[in-house]
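Here's the structure we're looking at; comments come further down.
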Amino acid sequence: RFAAAKRALDASHNMVPADQTERRNLILVNPIEGNVYATTRHLVAAYQCVMAGDTARSHRHSANALRLVLSGKPGVYTVVDGARIDMSPGEVVLTPAWCWHGHANESDETGYWIDFLDIPFVQLTEAMFFDPHPCGGLEPITSRGPTPMRFPSSEVLGPGRDAKIVEIAKDIMPTIALHLIRQPKGGRVDMPKATTNNIYAAIGGKARITRRL
């Protein structure tokens, strides 16, 4: 749960300085025998934070990544191929494969989000590559404003309280299907049995997921 993850991430602030670590992540590892990294067979999820005044230096990799913003004040942003993308709670920010990306927090509070990546899938296909940005820190910002890499959930789902499922990033993330779901109080969705890997994260309210045998 986010509350427990937040305590662990906050504790890490006093252990390793930001300039000595690539990212402050708490990986959600599936506790099955022999697994030390993946959340599912093909996907990994991890809580991440950037403290007030800190930056996470830019890099790129052949894995696709996206971020679901949980908490943060104005001034928290990511940079994707030079474009500044502000991050607000409830938004999804994309980082397609091989795009330069880094994060910064110019506010006075820590920003938190969940990272989702297809690293396990890319590793299984033996196509994992990684580069640190040549600048050695946060890449220069060359543009800002509207971007196809940012999806505010409230705008995507629109007004109302009806049940709704909207697919996003279909042509941007070819290896990750991404959906925003709105479910009214007392509502229920029956999902078909499938072999795909699924990770669910709640933006607000409470939900219960039951596995059908």
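Predicted model, so just to flag it, every value in this text is computed and none were measured.
- Interatomic distance, CZ of Phe151 versus CG of Leu180, reported as 8.5 Å (0.5 Å rounding).
- With rounding to the nearest 0.5 Å, the separation of CG in Asn105 from OH in Tyr112 is 10.0 Å.
- Cluster annotation: Trp98 and Ile119 are assigned to distinct hydrophobic clusters (Ile/Leu/Val/Met/Phe/Trp/Tyr, side-chain heavy-atom contacts under 4.5 Å, transitive).
- Thr95 pairs in a side chain to side chain donor-acceptor pair (under 3.5 Å) with only one of the listed residues (His61, His101, Arg60, Arg67), which is Arg67.
- Thr40 meets the side-chain hydrogen bond (donor to acceptor under 3.5 Å, both in side chains) test with Asn197; sequence neighbours excluded.
- For residues 40-49, the set of pairs meeting the salt bridge (charged side-chain N to carboxylate O under 4.0 Å, His left out) definition, not counting sequence neighbours, is empty.
- Scanning for side chain to side chain contact (heavy atoms under 4.5 Å, CB included) contacts around Ser58 gives His133, Leu138, Glu139, with sequence neighbours left out.
- The salt bridge (charged side-chain N to carboxylate O under 4.0 Å, His left out) contacts involving residues 167-180 comprise nothing, where partners must be two or more places apart or lie in separate chains.
- Cluster membership for Val156 and Ile181, using ILVMFWY side-chain heavy atoms within less than 4.5 angstrom, is not shared.
- Note: Leu94 CG to Leu178 CG = 7.0 Å, rounded to the nearest 0.5 Å.
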With a 3.5 Å cut-off and sequence neighbours excluded, list the donor-acceptor pairs that the side chains of residues 71-79 form with protein atoms.
from  : atom 1 : to     : atom 2 : distance (Å)
Lys73 : NZ     : Asp108 : OD1    : 2.7
Lys73 : NZ     : Asp108 : OD2    : 3.4
Tyr77 : OH     : Glu106 : OE2    : 3.0
Thr78 : OG1    : Gly102 : O      : 2.9
Thr78 : OG1    : His103 : ND1    : 2.9

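- Following chains of ILVMFWY side-chain contacts shorter than 4.5 Å, one cannot reach Val50 starting from Leu117, and the two form parts of different hydrophobic clusters.
- Of the inter-residue distances, the one linking Asn64 atom CG with Ile172 atom CD1 reads 10.5 Å to the nearest 0.5 angstrom.
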Under 3.5 Å, sequence neighbours excluded: what are the donor-acceptor pairs made by side chains of residues 122-130?
from   : atom 1 : to     : atom 2 : distance (Å)
Thr125 : OG1    : Phe121 : O      : 3.4
Thr125 : OG1    : Val122 : O      : 2.8

Check against side chain to side chain contact (heavy atoms under 4.5 Å, CB included), His59 and Arg23
CA-CA 11 Å; His59 62 211; Arg23 298 287 192 268; 3.3 Å; yes
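- When all heavy atoms of Thr142 and Ala83 are compared, the closest pair comes out as OG1-N, 4.5 Å.
- Distance CG/Leu9 to OG1/Thr110: 9.0 Å, rounded to 0.5 Å.
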Run the side chain to side chain contact (heavy atoms under 4.5 Å, CB included) test on Phe116 and Ile199 for me, step by step, so that the C-alpha distance in whole Å, both residues' side-chain angles and the decisive distance to 0.1 Å come before the verdict.
CA-CA 9 Å; Phe116 302 88; Ile199 300 176; 3.6 Å; yes
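- Within the structure, salt bridge (charged side-chain N to carboxylate O under 4.0 Å, His left out) pairs that include any residue of residues 185-194 comprise Arg188-Asp190 (at least two apart or interchain).
- Taking every heavy atom of both residues into account, Ser107 and Ala52 meet most closely at O-CB, 3.3 Å.
- Pairs engaging residues 27-38 under the side-chain hydrogen bond (donor to acceptor under 3.5 Å, both in side chains) rule: none recorded [sequence neighbours left out].
- For the side-chain hydrogen bond (donor to acceptor under 3.5 Å, both in side chains) test, no residue two or more places apart in sequence or in another chain qualifies with Asp54.
- Met51 is not connected to Val69 by any chain of hydrophobic side-chain contacts under 4.5 Å among Ile, Leu, Val, Met, Phe, Trp and Tyr, and they are in different clusters.
- Side-chain heavy atoms closer than 4.5 Å link hydrophobic residues (I, L, V, M, F, W, Y) into clusters, and following such links, even through other members, never connects Trp100 to Met173.
- Taking all atoms of both residues into account, the shortest heavy-atom contact from Ser153 to Gly90 is OG-O, 2.7 Å.
- Taken from CH2 in Trp113 to CG in Leu68, the straight-line distance is 11.5 Å, to the nearest 0.5 Å.
- Under the salt bridge (charged side-chain N to carboxylate O under 4.0 Å, His left out) criterion, the residue pairs touching residues 142-165 are Glu91-Arg150, Asp162-Arg182, with sequence neighbours excluded.
- Not counting sequence neighbours, the partners of Val189 by the side chain to side chain contact (heavy atoms under 4.5 Å, CB included) test are Gln183, Met191.
- Between Met149 and Pro96 there is a side-chain heavy-atom pair separated by less than 4.5 Å.
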Extract all donor-acceptor atom pairs below 3.5 Å that involve side chains of residues 42-49 and protein atoms in other chains or at least two apart in sequence.
from  : atom 1 : to     : atom 2 : distance (Å)
Tyr47 : OH     : Phe2   : N      : 3.3
Gln48 : NE2    : Asp115 : OD1    : 3.4
Gln48 : NE2    : Asp115 : OD2    : 2.2

